[in-house]
Structures are given as C-alpha cells and as structure tokens.
Amino acid sequence: MAASAKKIVLYAIVVFVFYVIITDPAGAAGYVQIGFEGISSAAQAVGQFMTWVADGAG
C-alpha cells in the first residue's frame, strides 16, 4: 500500500514539473537557478565547516 502511494506521489510530482516547464519555461529556469544556488551555498558551507574542523575547530 505504501509503495503504491509513493509511486503515485512521485508520478504527480513529475507531471507537475513537466507542466511547469511547458507552461512557463522562463519561470522554470528561474526555479532551477534558485535550486543550484541553494546547492552551491550548502556545498560552500560544508567546505567552510570542514576547513574549520581541519584547522583545529577553534
């Protein structure tokens, strides 16, 4: 039961993403850019933390 519910939710998300891309390509590009900026910021934060730890955490 739970597995089929997960599949339904996954398919709904995929359909929604394609709908947004088809109906508003410029907006979809903006969403992708925001997503990549978020991932980049997270990676930079992890890098800074690891540098801090490697430098003796203090």
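These numbers were taken from a predicted model, which means no experiment stands behind them.
Here side-chain hydrogen bond (donor to acceptor under 3.5 Å, both in side chains) pairs that include residues 7-33, with residues two or more places apart or in two chains, are Gln33-Glu37.
Cluster partners of Ile22: none. The rule joins Ile, Leu, Val, Met, Phe, Trp and Tyr whenever side-chain heavy atoms lie under 4.5 Å apart, and it links nothing here.
Clustering ILVMFWY residues whenever any of their side-chain heavy atoms sit less than 4.5 angstrom apart, transitively, puts Val15 in a cluster other than the one holding Leu10. Linking ILVMFWY side-chain heavy atoms closer than 4.5 Å, directly or via other members, places Val53 and Val46 in a single hydrophobic cluster.
Residues satisfying the side-chain contact (heavy atoms from CB on, under 4.5 Å) test with Ala29, not counting sequence neighbours, are none. Ile13 meets the side-chain contact (heavy atoms from CB on, under 4.5 Å) test with Val9, Val17; sequence neighbours excluded.
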